[in-house]
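This report concerns only the one structure given below.
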Amino acid sequence: MKGVATVATDTFRNLEKVCLSLGLAKKACKNGLIYSGIGYNGEYSKIIIHKHAGGRNIPTGLFNRYVKDLGFQSTDDYFNFK
(Lines give C-alpha, C1' and ligand atoms only; values in the text may rest on other atoms or scores of the structure.)
Protein backbone atom coordinates (compact mmCIF):
# COMPACT_ATOMS: atom_id res chain seq x y z
CA MET A 1 0.00 0.00 0.00
CA LYS A 2 1.22 3.44 -0.84
CA GLY A 3 1.85 5.88 1.96
CA VAL A 4 1.76 3.27 4.73
CA ALA A 5 4.92 3.09 6.79
CA THR A 6 5.99 -0.34 7.93
CA VAL A 7 7.76 -0.61 11.24
CA ALA A 8 10.38 -3.31 11.56
CA THR A 9 9.85 -5.35 14.69
CA ASP A 10 9.58 -8.98 15.74
CA THR A 11 8.41 -11.02 18.70
CA PHE A 12 10.63 -11.88 21.64
CA ARG A 13 10.08 -15.57 20.88
CA ASN A 14 11.51 -15.15 17.36
CA LEU A 15 14.40 -13.13 18.76
CA GLU A 16 15.23 -16.03 21.08
CA LYS A 17 15.27 -18.40 18.07
CA VAL A 18 17.71 -16.10 16.26
CA CYS A 19 19.94 -15.98 19.35
CA LEU A 20 20.02 -19.77 19.48
CA SER A 21 20.68 -19.97 15.72
CA LEU A 22 23.68 -17.68 16.23
CA GLY A 23 24.95 -20.12 18.86
CA LEU A 24 24.65 -17.70 21.77
CA ALA A 25 24.74 -19.28 25.22
CA LYS A 26 21.55 -18.99 27.27
CA LYS A 27 21.83 -18.30 30.99
CA ALA A 28 18.97 -17.75 33.43
CA CYS A 29 19.04 -14.63 35.58
CA LYS A 30 16.65 -13.14 38.12
CA ASN A 31 14.42 -11.34 35.60
CA GLY A 32 14.83 -13.44 32.48
CA LEU A 33 17.46 -14.86 30.18
CA ILE A 34 20.86 -13.59 29.14
CA TYR A 35 22.08 -14.59 25.69
CA SER A 36 25.80 -14.07 25.17
CA GLY A 37 28.46 -15.13 22.73
CA ILE A 38 29.81 -14.30 19.31
CA GLY A 39 27.28 -12.37 17.23
CA TYR A 40 26.63 -12.21 13.50
CA ASN A 41 29.59 -9.90 12.84
CA GLY A 42 32.06 -12.04 14.78
CA GLU A 43 32.17 -9.80 17.85
CA TYR A 44 30.99 -10.55 21.39
CA SER A 45 27.37 -9.64 22.05
CA LYS A 46 25.00 -9.90 25.00
CA ILE A 47 21.27 -9.23 25.27
CA ILE A 48 18.76 -9.73 28.06
CA ILE A 49 15.19 -10.87 27.45
CA HIS A 50 12.62 -10.50 30.24
CA LYS A 51 11.09 -13.81 31.37
CA HIS A 52 7.48 -12.73 30.74
CA ALA A 53 8.07 -11.29 27.25
CA GLY A 54 7.14 -14.48 25.34
CA GLY A 55 5.12 -13.79 22.21
CA ARG A 56 4.90 -10.03 22.66
CA ASN A 57 6.17 -7.69 19.99
CA ILE A 58 9.46 -5.95 20.73
CA PRO A 59 9.15 -2.14 20.85
CA THR A 60 10.78 -0.64 17.74
CA GLY A 61 13.63 1.19 19.50
CA LEU A 62 14.55 -1.84 21.60
CA PHE A 63 14.37 -4.09 18.53
CA ASN A 64 16.77 -1.83 16.63
CA ARG A 65 19.17 -1.92 19.58
CA TYR A 66 18.98 -5.72 19.75
CA VAL A 67 19.66 -5.96 16.00
CA LYS A 68 22.79 -3.82 16.38
CA ASP A 69 23.88 -5.63 19.56
CA LEU A 70 23.65 -8.98 17.78
CA GLY A 71 26.00 -7.67 15.08
CA PHE A 72 23.59 -7.20 12.19
CA GLN A 73 24.11 -4.15 9.98
CA SER A 74 20.37 -3.56 9.55
CA THR A 75 16.96 -5.03 10.23
CA ASP A 76 17.03 -6.41 6.67
CA ASP A 77 20.11 -8.47 7.58
CA TYR A 78 18.30 -9.74 10.67
CA PHE A 79 15.20 -10.81 8.72
CA ASN A 80 17.30 -12.38 5.94
CA PHE A 81 19.21 -14.40 8.56
CA LYS A 82 16.00 -15.56 10.17
Exercise for review: Indicate yes or no: at least one non-hydrogen side-chain atom of I58 is less than 4.5 angstrom from one of T11.
Suggested key: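 Side chain of I58 against side chain of T11, heavy atoms only: no contact under 4.5 Å found.
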Practice item. Supply the atom-to-atom distance K68 NZ to Q73 CD, rounded to the nearest 0.5 angstrom. Key: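 With rounding to 0.5 Å, NZ (K68) is 6.5 Å from CD (Q73).
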**Study point:** Distance, nearest 0.5 Å, that separates OG1 of T75 from CG of N64
**Key:**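 Taking OG1 in T75 and CG in N64, the distance rounds to 6.5 Å.
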Check your understanding: Are F79 and L15 co-members of a hydrophobic cluster defined by side-chain heavy atoms under 4.5 Å apart?
Key ->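 Yes; F79 is reachable from L15 via cluster members.
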Check your understanding: So if you build clusters from Ile, Leu, Val, Met, Phe, Trp, Tyr with side-chain heavy-atom gaps below 4.5 Å, do Y78 and L62 land together?
Key ->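 Shared cluster, yes.
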Check your understanding: Of all heavy-atom pairs between F12 and N57, which one has the smallest distance, and what is that distance?
Key ->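 Scanning both residues, the minimum pair turns out to be CE1-O, 3.9 Å.
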Point to revise | N80 side chain to D76 backbone, donor-acceptor under 3.5 Å | key: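 Side chain of N80 to backbone of D76: a pair is present.
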Point to revise | Side-chain donor/acceptor of T9 to backbone N/O of P59, under 3.5 Å | key: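 Not at all, since once roles are kept as given, no pair shorter than 3.5 Å links the two residues.
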Point to revise | Side-chain donor-acceptor pair present, Y66, D10, cut-off under 3.5 Å | key: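 The answer is no; no qualifying pair exists.
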Run the side-chain donor-acceptor check on residues 19-45: report pairs under 3.5 Å with partners two or more places apart or on a different chain.
from : atom 1 : to  : atom 2 : distance (Å)
S21  : OG     : K17 : O      : 3.0
Y35  : OH     : E16 : OE1    : 3.2
N41  : OD1    : E43 : N      : 3.1

